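So you know, we letter chains A, B, ... as the sequences are listed, proteins then strands, and number each from 1. Just so you know, these numbers use all the heavy atoms, side chains as well, and skip hydrogens, waters and symmetry mates. Worth saying up front: this structure is predicted, and the values here are computed from it rather than measured.
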There are 2 protein chains.
Amino acid sequence: MNPISVLLVDDHLVVRSGLKALLGTQPDIAVVAEAASGEEALVAVDEFSPAVVMMDLAMGAGMDGIEAIKRLRRRNSKQAILVFTTYDSDADIVRAVDAGAMGYLLKDAAPEEIFAAVRGAIQGRSVMSAPVASRLFQQLRNPDEVLTPREAELLSLLIQGLSNRELGKRLFISEATVKTHLAHIYAKLGVETRAAAIATAIRREGMR
Amino acid sequence: MNPISVLLVDDHLVVRSGLKALLGTQPDIAVVAEAASGEEALVAVDEFSPAVVMMDLAMGAGMDGIEAIKRLRRRNSKQAILVFTTYDSDADIVRAVDAGAMGYLLKDAAPEEIFAAVRGAIQGRSVMSAPVASRLFQQLRNPDEVLTPREAELLSLLIQGLSNRELGKRLFISEATVKTHLAHIYAKLGVETRAAAIATAIRREGMR
DNA sequence: TGGGGCATCAGCCAAAAGGTTGAGAGACCA
DNA sequence: TGGTCTCTCAACCTTTTGGCTGATGCCCCA
């Protein structure tokens, strides 16, 4: 049986070589190529046709991981794509799955978890880190936590640091309405203050 | 000549093993121990007395890198401490240098840069990544905008969404003092509200 | 046709945050 | 030794925010 060929995509050299060293301990897994950006990843896939692509999402410059996943998917290529990243933001998870990722691993995952994900990927099994899975389940269980379009619009201005008065002017609504929306947003985000909402939104939701 | 003994501190296994593999290519550098948290780092320093400690700042749980650096410094230990982290926020840099770090490297640094930093560290030379250096230079040009260590510490908690009361409790100071610090931070960041400060800090400073 | 969700607004009150001024203690440095 | 910086705290006042209740109009859809 041939070993499973893997392409590593991460802009950090140390992460790539760490992952390579780790995967190298498994006889049935072989790292055949590395890439430091989305662009490089596309080229490497063409050249090496790996069975599995392990992809970081946040790449320093150029094409990010999500975009790279989308482009790979658009080619009808048969690689299984695993996201391997540091953060488990709801927005990132949703976007990655939507783009066509097969699994979602966090960088602090145990080695066995990583091996299992690679082996599972080529069999069409979806493996994800526990925190990631629990976030997904939570979203399924609590659909009420989804922001309405107007709330999302307000939130996107809120995280710019605007006051209630400014939000009202910008959205052509009264301060009272702003406060109503904010109360709903806080409830959905599970916070009590505007400061926490901003912090949570920027981090957890990946908003900028 | 004995090789330079190095302790790696990072909560991510792949980063540790990547860094270990990288440093292993240099005959004059030897990784003698690894730690996954601040607590482990303190124990490992006692046990192995490394010449250089490479420390991540954001540790998943428990004591963070800054606190670990402070405690090492308090012991009069002679280790040179290098920060090795993903982000180059002004506040983190200020806090790390203040805590007693010898150098500040980013995880996407070139191997040569990392080797040079380790070798420089034991000679008392301070080596830092280019983006970090340029931030420091910019701070030198605009000294009025540089946060003091205490302000940086406060800001790092502020962007977690804490209230004034919580900030006070966490830092063992009164709310009055918190408000004084906040006023100074706002002035330095060029904002007027806490919301804007959080938004600015997270974006401009790359803070998380 | 009657809910239900969404967006809008008002008023009231309590809590939190922000602006200002002033001040003391300790560190550092010229 | 005097000046400057940092960190600490207080009192006072204004503005902003948050919590609550209740209400209207609209649209969709069962």
Side-chain angles (χ1 to χ4, degrees), chain A residues 139 142-201, chain B residues 66 70 73-74 90-91 93-100 136 139-202:
Chain A
Q139 290 196 344
N142 302 336
D144 343 330
E145 290 178 10
V146 180
L147 298 181
T148 68
R150 193 57 160 170
E151 286 162 1
E153 190 178 3
L154 201 143
L155 180 58
S156 74
L157 293 176
L158 179 70
I159 64 173
Q160 317 267 82
L162 275 62
S163 69
N164 289 351
R165 185 169 308 175
E166 291 169 324
L167 290 170
K169 282 187 181 169
R170 196 73 83 83
L171 297 174
F172 304 106
I173 57 180
S174 75
E175 268 189 69
T177 306
V178 170
K179 291 169 80 171
T180 304
H181 285 309
L182 283 180
H184 294 158
I185 291 174
Y186 297 167
K188 290 180 180 179
L189 292 184
V191 299
E192 265 127 46
T193 67
R194 130 181 338 234
I198 294 173
T200 301
Chain B
I66 297 283
K70 281 186 190 164
R73 281 290 77 118
R74 248 184 253 135
D90 287 346
I93 296 173
V94 168
R95 291 174 66 216
V97 170
D98 185 62
L136 281 182
Q139 293 194 346
L140 286 180
R141 280 198 300 272
N142 299 3
D144 297 355
E145 293 175 11
V146 181
L147 298 181
T148 68
R150 193 55 158 172
E151 287 162 0
E153 192 178 3
L154 202 143
L155 180 59
S156 74
L157 292 176
L158 180 71
I159 64 171
Q160 317 265 73
L162 274 63
S163 69
N164 290 351
R165 184 170 308 177
E166 292 168 324
L167 291 171
K169 283 187 181 169
R170 196 73 85 82
L171 298 175
F172 304 106
I173 56 180
S174 75
E175 268 189 70
T177 305
V178 170
K179 290 168 86 170
T180 303
H181 284 310
L182 283 181
H184 294 158
I185 291 174
Y186 296 166
K188 289 180 180 178
L189 292 184
V191 300
E192 264 126 48
T193 66
R194 136 182 330 237
I198 294 173
T200 302
I202 295 185

Find which nucleotide of DNA chain D each of B:E151 and B:K179 is nearest to by heavy atoms, and output the residue with the more 5' nucleotide. B:E151

Note, B:V178 side chain near B:L182 side chain (heavy atom, < 4.5 Å): yes

Axis bend over the full length of the helix from C:dT1-D:dA30 to C:dA30-D:dT1, computed from five pairs that close each end, to 10 degrees: 40°

Just how far is it from atom NZ of B:K188 to atom CD of B:E151, taken to the nearest 0.5 Å? 3.5 Å

Does A:R194 make a side-chain N or O approach to OP1 or OP2 of D:dT17 shorter than 4.0 Å? yes

Euclidean distance, A:S174 OG relative to A:N164 CG, rounded to 0.5 Å: 10.5 Å

Any donor-acceptor pair under 3.5 Å from B:S156 side chain to B:E153 backbone: yes

Phosphate OP1/OP2 of D:dC7: any B:T180 side-chain N/O under 4.0 Å: no

Distance alone, cut at 3.5 Å: any donor-acceptor contact between the side chains of A:T180 and A:T177? no

Provide, to the nearest angstrom, the distance between the CG atom belonging to A:L154 and the P atom belonging to D:dT17. 12 Å

Is there a donor-acceptor pair under 3.5 Å between the side chain of B:R95 and the backbone N or O of B:P149? no

B:H184 NE2 to D:dC7 P: how many Å, rounded? 10 Å

Quick check for you: name the first and last nucleotides of DNA chain C, 5' to 3', having an atom under 4.0 Å from a heavy atom of chain B. C:dA16 to C:dG19

Between the main-chain N or O of A:S163 and the side-chain N or O of A:E166, is there a donor-acceptor pair closer than 3.5 Å? yes

To the side chain of B:T148, which of D:dC12, D:dG18, D:dT6 is closest? D:dT6

Here the pair of heavy atoms bringing A:Y186 nearest to A:E192 is CD1-O, 4.1 Å

Here the residues of residues 162-178 of chain B within 4.0 Å heavy-atom distance, strictly under, of DNA chain D are B:I173, B:S174, B:A176, B:T177

In Å and rounded to the nearest 0.5 Å, what is the CD1 to OG1 distance from B:I185 to B:T200? 12.0 Å

In whole angstroms, how far is the P atom of D:dT8 from the CD1 atom of B:I185? 12 Å

Interatomic distance, B:H184 atom NE2 to B:L147 atom CG [nearest 0.5 angstrom]: 11.5 Å

Taken to the nearest whole Å, CG/A:L182 to C1'/D:dG18 is 9 Å

Rounded at 0.5 Å granularity, tell me how far CG in A:L155 sits from CD1 in A:I198. 8.5 Å

